[in-house]
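By convention in this document, chain letters (A, B, ...) are assigned in the order of the sequence lines, proteins followed by strands, and residues within each chain are numbered from 1. What you are looking at is a predicted structure, and each value in this text was computed from that prediction instead of being measured.
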Amino acid sequence: MDFALVVGIEILNAVASLMLISIGLAIIFGMMRIINLAHGEFLMLGGYAAITATKAGVNIWIAMLVVAPLVVGVIGVVVERCVVRFLYGRMVDTMLATWGLSLLLVGLVTTIFGNTTAGISSPLGPVLIGTYTVSLYTLFIVFVAAMVGLGLWLLLKKTRFGLIARGTMQNANMAAGLGLSPPRVYMVTFGIGAALAGLAGGVLAPITGVVPTIGVAYVAKAFITVIGGGASILTGTISASALFGTVNQLATFATTPVIGEVALLLAAIVLIRLLPQGITDRFFRRSL
Amino acid sequence: MPSSRFDRLGLAAFGVLGLLAMFALPVVLETFTLLELTVYVIMSILALSLAFIWGFGGILCFGQAAFFGIGAYTYAIASLNFGESTGAVLLAVAVPALFALALGSFMFYARISDVYLGVITLTVSLILFNLVNSTAGDQYRIGSAPLGGFNGIPSIPTLNVPFMPGSPLDPTQIFQVCVAALMLVYFGLRALLASHFGHVVVGIRENERRAELLGYDTRRFKLGAFVVGGAIAGLAGCLFANWGAFVSPTVFGLAQSAQIIIWIIVGGLGTLIGPIVGCFLIQWLTAWLGALNVINSNLVLGAVLVVFVLMVPKGLVPTLADLATRRARRAAAAPQRGVAGPTQAGSGRVGGLDGIAEEVVK
Amino acid sequence: MKLERRSALKTLGGAAAIGAAASLAARAAHAAGDIPVASIHDLSGGLDIYGKPMEDAMKLATEEINAAGGLLGRKVKLISYDSQSNMQQYTQFAQQAALKDKVAVVHGGITSASREVIRPVLKRFNTLYFYNTQYEGGVCDRNTFCTGQTPAQNVEILMPHVMKKWGKRVYVVAADYNYGQITSDWVKKYTKDNGGEVVAVDFFPLDVTQFGPAIQKIQAAKPDLVLSALVGGAHISFYRQWAAAGMKAKIPMCSTTFSGGNEHIVLAPEEADGLVTAFSYFQSVDNPVNKQFVPRWHKRFGADYPYITELAVATYQGMHLWALGVKKAGSTDRMKVIQALESGIDFNGPSGKVTIDPATHHCTLDVHIAEVKAKKMVVLEAYKQRKPIDTAAVCNLIKSPNENKQFVIKI
C-alpha cells in the first residue's frame, strides 16, 4: 500500500517535470510555429540564474521562482528582437538559427562559468510514507506545475492580454486588421515561453544540478511532448505529459530505466500513429 | 526544362571535378588530407539522402541518422561474419532500405506529415540509440560480431576487392570508391528527379492535395522517395564504418541528425549541390576549430550559424547562384525591357541547378 | 540590405580563406628539431569536465620536461586537439596527429569508446599511444600503454573496506554502458569473495536525470550499502535526489567513479559527506611528491582551480613515463621507446610509484580509499602497488606481441 502511494507520487513527479520542461516550448510553438532548438539551453540558463542568485545571497525560493524566470524571460526577449523576429514564417531558418543559438549559449556559459559549478541542494527535506521516504521537494514540483498550469489558464482565459494572444494565434492578419500589433504579441509570447523554461530550469536545479550541456537531455523529450500534445497549448501539454510520464515511470518501476526510456518513446510513436495531429486534435478540441 | 544549357554545364562540371578528384588528387595530396576528404565525401552522401527527401520530397525527417547508423552497424556485423565485404555492402544498403520501407509505410499510410513525422523519426533514432547503447555484455552478439554497446564495434574489416577477401583496399582506393559513390548518388538522384517519379514527388511537395486530385497515390510516391533516402543514408553509413573501421551508438544520436539538417540549410534546401557544399564547409570548420583550440568551439560555431542564417537566408548555393545570374542578367538585359520566363514565387525551394538559375528573388 | 549583405559575404569569405591558410601555416611552423606530442581530449561538449584537467596536465608535464632541458637535447612541442565529445573528431584528429603532425606519441581518449576509435588508427599508422583514463580493463595492444586504474585495482580494495564498515548486502547503481556493466560484474565478484551478496543492479542510460523510481526500489530492497558507478553530469542528480529523499542518513554509499567529475565540489556537503570512494589519486594524498606537485599545479593554473582529478594526474604521469622511455631508448623511434618502456620503467608521481607492467602495458599503482568531507576528499587508507591483475589474466604481450584487441574479461 505504501509502495503504491510512493509509485503514485513518483508518477506525479514525472508528469509534472515533463509538463514544466515542455510548457515553454508549447507556447512558442503553439503561437508562432517556431521549433526552438535552444529550449534546452533556456532551461539551463534558468538553472544557472537560480544558482548564481542563491550564491549571491538571494533567498533560494525567490531565486528559483522569481529571478530565474525573470532573467531568462529577458534573455528570451533579447533573442527574439535580435534573431527570431526576422525569421517568422520560415520554420527551416528558425531551426538553424536556434540550433546555432543553443551552441552559442553552451559555449558562452562554459566560457563564463567553466564546467564545474557547485549546485544548490534541495531546500526541503524528506517526508515519511510508511517505511518509505519521499523528498518533499518532489511534491513541491508537482505544486509548481499545477500553479503554472492554473496561472497560464487564467492568463489566457481571463486577461485582456490572453485574449489578444489567442486572437493573434488564431488569425494574425485579422488581429492586425483590428489594430493589434502581432509582432509585439510575438515578442511578449516568446518572452513568456522563455521565462517558463527558465522557471522550470530554476525549479529543477536543486535536484538535477547544472552543467552547461544539460540542455541536450531535455530538448528531445520536450519536443516530443509538445508535438504529441497537439494544437492546444495547455491541455495538449498536460495530457501528453500525463501519458508519457505515466508510461515512463510504470515501465521503469516494473523493469529497468532503459526500458522506461524506450517505453516513453514507443508510446509517443503509437500516439502519433493513432492520433496523427496530436492528442488535442481529437480530445479536448478547441480547449486552451 | 528551361535553361538547360546552364544545367548541362553544371552537370558536366561536377562530373569532371569528380573524376579529377578521383584520379588527380591522390597523386597530389598526402594521405592525411585524403582521409579527411574521404569523410567529408561520405557525409556529403548522407547529406544528399536527406536533401533528396526533404528538399524535393518535402519530408522533414529528424532521424535520418537512424538509417545511417543501421547501415554502419549492418556493414560491421555482416563483414565480421562473412569475412568478405561485397555481401556486407549490399546488405548495408538493403537493410536500411527495408527499415525505411517499414517505417515509411507506418507513417505515410497513416497520413502523418510534417512536424509529426519529424517527431516519429526522431523518436525512432533515439530508441535505436538507447537500445544499442545497452548491448555491452558479451551475450549481445549477432553471429560472431559482438555489438559492444557504448564502446561500439572496433576493428571492422574494411572493403576489399570484390570477392577477393585477401586484398583489402588502401586509403587512396577507399577515397576513390567514396568519390565514385558520391558521383553515382548525385547523378542517380538527378536522373531520378528528371524522371516521371521525380516529377511526381516534387509535385507532391508543392501541393499534395493537387497531386492526389490528379490521380496519384501520394503515399506510394512518398514511400518510394523515403526508401531511396534510407538506402543512400545506409550506403553512407557503410562507407563511414569503413573509413574509421569503427562504429558506435553515437551514429544514431540527435546530434548526428541535427548535423545533417544544418548542412542542408547552410548549403541550400531544395538543391543537391548545396548540401554537399554545406557539409564540406561545416565539417571543415568544426575540425579547424577543434585543432585551433583557442576559443570554445561551440561558441564560434554557434555564432557563425546565427550570423549565417540572418545574412544568407536561402543557403549558400542558391544565394551564390542568385548573384551569378543577376550579374549575368544585368549584363544581358541592358538594352532589353522586362524579364523573360515565368516567375517562381515561393520559398526558394526549386530543383537542381537549373532551378537556381530560374530563381527570382522576392 | 542586399548590397551590404553581398559585400559582407565577400569579406567574410576572404577572411575565412585567410584564416584557413594562416592556421595551416601556423600548424606547420613548429621548429625543426622539436619533438611533437599530441593531446586529443574533449575540451568542449558533455565530457569537457574530464578533458580539460587532462589537457592542463599535458601542458604542465611538457613545460616541466622542457624546463629540465628537454628530451635528447630537443624541446617537446605540445599539439592540443579538442575532440568536442565527438567520435568522428577523435578519428580525424588521431589521423591528423599520426599522418600530418607525425607526433612521437598521442595521449588521449576519455571514454572507452573514444579509445577504441583511436587505438586502431594509431596502430595502423605506427604512432605510440598512451591511454590515461580509468576504465574497465582488457586492452591488449603493444602500441598502447594504459596508465589508468582498472576495476581489479580499486574495486578489490573498496569492497572489503565498505563491507567491514557497513554490512554485507550491496545494491549497485551503474551507468548503462561498458564501464558500468563490467565494473558491476567485478563488484559482484569481490562482494561474493568477501562473504556478501549483491542484492540488485540497476543500469541507467547516461542522460537520465530522474532517479525517483530507483530510489524507491532501493528502499524496498533494504540493502546495507549502495555502490554507485554512475558517470557524467546528468547522473549527479542521483546524489541530489538521494539526499533530498532523506536517504543519505539511512543507507551509506560508496562509489568507483565519484570525484572523477568533481562531484564533491558540485554537490553540497549535506548531499555528499560520508561517501567513500577508491582512486589511485586524490588531491589530498600524502606523499612527498604530491606535496610539491599540488602547489606547482596551483601556481601554473590558479589557486582557485576546482580540483586536480585522477585523470589529470594519470595523464601527467603518463607523459613523464613516456619521457623516461625516450631517455632510456635514446631516441623517439616508436619501437625503441616501446622496448625501453617494457624494460621496467617506474616513475614517482603524485599518486605514488607508478610502474609499467611489461606483459600488459598497464600500470602498477598505489590505490587510496577516501571519504568526502566538506567538499574535500579525506584519505582513509592507502594500498601500495596494486597490480593490474584483471588485464594480466587475459593479456600477455611478451608471449603474444601481436595481440591487438580489448578482451572482455570474464569473471
Side-chain angles (χ1 to χ4, degrees), chain A residues 2-3 6-7 9-11 13-14 17-18 103 106-107 110-111 114-129 131-138 204-214 216-218 220-221 245 248-254 256-258 260-262, chain C residues 43-53 85 173 176 201-217 219-220 222 232-250 261-272 305-307 309 375:
Chain A
D2 293 332
F3 195 66
V6 161
V7 172
I9 291 180
E10 292 300 338
I11 290 180
N13 181 26
S17 302
L18 251 185
L103 290 177
V106 173
T110 312
T111 314
N115 45 32
T116 300
T117 304
I120 45 180
S121 54
S122 158
L124 293 173
V127 71
L128 218 57
I129 299 188
T131 50
Y132 297 93
T133 54
V134 169
S135 167
L136 204 54
Y137 200 75
T138 50
L204 287 174
I207 58 164
T208 57
V210 275
V211 276
T213 50
I214 199 132
V216 177
Y218 293 129
K221 285 218 183 97
N248 186 341
Q249 294 297 72
L250 283 177
T252 308
F253 267 108
T256 72
V258 184
E261 292 290 296
V262 173
Chain C
L43 305 173
S44 59
L47 292 171
D48 62 350
I49 196 171
Y50 301 105
K52 283 193 110 169
S85 308
V173 288
D176 186 28
V201 184
D202 262 348
F203 293 109
F204 300 89
L206 288 163
D207 58 359
V208 167
T209 53
Q210 298 284 350
F211 290 90
I215 294 176
Q216 302 308 331
K217 280 208 222 169
Q219 293 188 53
K222 296 194 191 353
H235 284 181
I236 298 185
S237 334
F238 174 75
Y239 305 106
R240 292 212 155 88
Q241 289 163 33
W242 180 257
M247 292 308 299
K248 199 163 130 346
K250 291 171 107 189
N262 291 345
E263 285 92 341
H264 55 300
I265 297 182
V266 171
L267 294 168
E270 58 264 24
E271 290 167 328
Y305 200 87
Y307 188 72
T309 62
K375 299 208 179 208

Taking the side chain from A/T208 and the backbone from C/S237, do they hold a donor-acceptor pair closer than 3.5 Å? no
Bottom line for A/S122: the part with an atom under 4.5 Å from chain C's heavy atoms is both
Less than 4.5 Å to any heavy atom of chain A: does that hold for the side chain of C/A245, its backbone, both, or neither? both
Would you mind checking which part of A/L103 comes under 4.5 Å of any heavy atom in chain C, side chain (CB onward), backbone (N, CA, C, O), both or neither? neither
Proximal component of A/P206, with respect to chain C [non-hydrogen, under 4.5 Å]: backbone
How far apart are the closest heavy atoms of C/P205 and A/E261, and which atoms are they? CG-CG, 4.2 Å
Closest non-hydrogen contact found for A/T131 with C/K250 is O-NZ, 3.9 Å
Residue part contacting chain C, namely of A/V134, when any heavy atom lies under 4.5 Å: both
Residue part contacting chain A, namely of C/A243, when any heavy atom lies under 4.5 Å: neither
Whatever's closer than 4.5 Å to a heavy atom in chain C on A/A220 counts as neither
What one should report as the nearest heavy-atom pair of C/E271 and A/I120 is OE2-O, 4.2 Å
Find the distance between CD1 (C/I49) and OG1 (A/T110) and round it off to the nearest 0.5 Å. 11.0 Å
Cut-off 4.5 Å, heavy atoms of chain C, and the answer for A/F253 is both
Short question: side chain of C/Q219, backbone of A/T133 - any donor-acceptor pair under 3.5 Å? yes
Top of A/I207, A/V258, A/V211 for chain C proximity - count of heavy-atom pairs under 4.5 angstrom: A/I207
Which bit of C/T209 comes within less than 4.5 Å of chain A, counting heavy atoms only: side chain, backbone, both or neither? both
For C/Q210, is it the side chain, the backbone, both, or neither that has a heavy atom closer than 4.5 Å to a heavy atom of chain A? side chain
Region of A/S17 in contact with chain C, defined by heavy-atom distances below 4.5 Å: side chain
Which of the residues C/E270, C/E263, C/K222, C/K52 is involved in the greatest number of heavy-atom pairs with chain A at under 4.5 angstrom? C/E270
Measuring from C/M247:CE to A/Y132:OH, what's the distance to the nearest 0.5 Å? 10.5 Å
